[in-house]
Amino acid sequence: MKLPSEWVDKADFLLKDAERHLSEGVYWIACFQAQQAAELYLKALHLALTGLHPYTHDLVELLDSLKDLGLEPPEDLYAYADALTPHYTMSRYPGRKPVTYNRGLAERCIKYARKVIEWIKGEVSKIEG
């Protein structure tokens with residue numbers, strides 16, 4: 001099984017760009033890009049398994065639908081997914097936010113996205129092997 005390269009390429013670009021924005025101090029976009037990278041990898045795995053992907057930006061829903069397909073996402077991934085999901089919308093709109101975007105938050109978002117992506121790559125390796 002191979003993940004669709006266009007999806008993976010975009011996700012990898014976004015994650016690398018998130019790291020660049022972190023180093024530049026643009027924390028809100030780093031969080032958004034980390035969420036997007038995780039989302040694209042999750043949807044790439046769906047596409048590889050079924051040819052389709054759910055139409056949602058909720059990473060927990062995406063993990064649940066992978067569970068429905070017989071995969072076993074570890075519990076810690078659900079915490080990471082839940083923490084990343086709000087940044088799809090919250091980071092992009094000005095105004096009152098229930099969160100302050102800072103270096104620590106951006107670092108966590110990137111770390112969580114990496115954890116999701118590592119798990120997906122591990123699952124692909126298991127399926128291939």
Side-chain angles (χ1 to χ4, degrees):
M1 178 180 73
K2 187 171 169 85
L3 296 175
S5 62
E6 185 178 5
W7 291 69
V8 168
D9 291 346
K10 284 184 180 187
D12 289 343
F13 176 87
L14 285 164
L15 192 58
K16 186 176 180 181
D17 215 32
E19 291 168 347
R20 180 176 62 84
H21 283 114
L22 170 66
S23 72
E24 294 171 348
V26 189
Y27 305 126
W28 67 270
I29 193 68
C31 292
F32 171 73
Q33 290 172 317
Q35 186 279 339
Q36 284 289 279
E39 180 180 328
L40 287 171
Y41 260 96
L42 287 164
K43 288 181 177 180
L45 183 53
H46 277 89
L47 284 164
L49 292 170
T50 68
L52 303 169
H53 66 81
Y55 289 94
T56 182
H57 301 289
D58 187 324
L59 305 186
V60 171
E61 284 182 31
L62 291 168
L63 284 174
D64 280 342
S65 59
L66 287 169
K67 197 172 194 174
D68 292 343
L69 294 173
L71 298 180
E72 296 180 28
E75 284 303 311
D76 59 342
L77 281 192
Y78 280 92
Y80 302 149
D82 192 49
L84 283 171
T85 293
H87 301 294
Y88 174 71
T89 53
M90 210 170 23
S91 63
R92 296 180 299 137
Y93 295 102
R96 294 177 55 192
K97 294 181 178 82
V99 64
T100 300
Y101 284 96
N102 57 40
R103 181 171 195 81
L105 179 58
E107 287 173 343
R108 281 191 305 279
C109 287
I110 292 168
K111 174 185 170 185
Y112 297 165
R114 287 195 173 287
K115 293 289 189 181
V116 171
I117 291 166
E118 287 169 13
W119 175 77
I120 291 166
K121 288 179 177 179
E123 291 301 302
V124 169
S125 292
K126 284 186 214 173
I127 293 168
E128 287 177 345

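Owing to the predicted nature of the structure, the values given are computational and were not obtained by experimental measurement.
Cluster annotation: Leu77 is connected to Tyr112 through the hydrophobic network of ILVMFWY side chains, with a link wherever side-chain heavy atoms come within less than 4.5 Å. Hydrophobic clustering, with ILVMFWY side chains joined whenever heavy atoms are under 4.5 angstrom apart, keeps Leu63 apart from Leu40. Under a hydrophobic clustering in which Ile, Leu, Val, Met, Phe, Trp and Tyr are joined whenever their side-chain heavy atoms come within less than 4.5 Å, directly or via other members, Leu42 and Ile127 fall into the same cluster. Criterion: ILVMFWY side-chain heavy atoms under 4.5 Å apart, direct or through other members. Under it, Tyr88 and Tyr27 are part of a common hydrophobic cluster. Leu3 and Leu69 end up in the same hydrophobic cluster when Ile, Leu, Val, Met, Phe, Trp and Tyr side chains are linked at under 4.5 Å.
Counting heavy-atom neighbours within 6.0 Å of Glu6 CD, excluding the residue itself, gives a total of 12 or less. Sparse packing is recorded around CD of Glu72, with 12 or fewer heavy atoms of other residues, nucleotides or ligands lying under 6.0 Å away.
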Using the rule given for side-chain contact (heavy atoms from CB on, under 4.5 Å), can you reason through Ile120 versus Leu66, listing the C-alpha separation, both sets of side-chain angles and the distance that settles it, and then say yes or no?
CA-CA 10 Å; Ile120 291 166; Leu66 287 169; 5.5 Å; no
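The shortest heavy-atom contact between Pro86 and Asp82 is CD-O, 3.2 Å. Heavy-atom minimum distance, Ala34 versus Ala113: O-CB, 3.3 Å.
We find the CG-CD1 distance between Leu15 and Ile117 to be 5.0 Å, quoted to the nearest 0.5 Å. Residue Ile110 holds its CD1 atom at 4.5 Å from CG of Leu22, rounded to the nearest 0.5 Å. His57 contributes atom NE2, which lies 10.0 Å from atom CG of Leu59 (distance to the nearest 0.5 angstrom). Expressed to the nearest 0.5 Å, how far NZ of Lys43 lies from CG of Leu62 amounts to 6.0 Å. Distance CG/Leu47 to CG/Leu52: 7.5 Å, rounded to 0.5 Å. Leu14 CG to His21 NE2: the interatomic distance, rounded to the nearest 0.5 Å, is 10.5 Å.
For Arg103 and Glu107, the salt-bridge test passes: some basic side-chain N is under 4.0 Å from an acidic carboxylate O. Under 4.0 Å is where a charged nitrogen must lie from a carboxylate oxygen, and between Glu123 and Lys126 at least one such pair does. Note on Asp17 versus Arg20: salt bridge recorded, some NZ/NE/NH1/NH2 to OD/OE distance being below 4.0 Å.
Aromatic ring pairs are classed by plane angle as parallel below 30°, tilted from 30° to 60° and perpendicular above 60°; the pair His87 and Tyr101 is perpendicular.
The shortest side-chain heavy-atom distance between Tyr41 and Val116 does not fall under the 4.5 Å cut-off. A 4.5 Å side-chain heavy-atom check between Cys109 and Gln35 finds every atom pair outside the cut-off. Residues Thr100 and Leu105 fail the side-chain proximity criterion, which asks for heavy atoms closer than 4.5 Å. Side chains of Trp119 and Leu45 form a contact here, defined as non-hydrogen atoms less than 4.5 Å apart.
Side chains of Tyr78 and Asp64: a donor on one and an acceptor on the other come within 3.5 Å. Donor-acceptor pairing under 3.5 Å is recorded for the side chains of Gln36 and Glu39.
Among residues two or more places apart in sequence or in another chain, the side-chain hydrogen bond (donor to acceptor under 3.5 Å, both in side chains) test is passed with His46 by Ser65.
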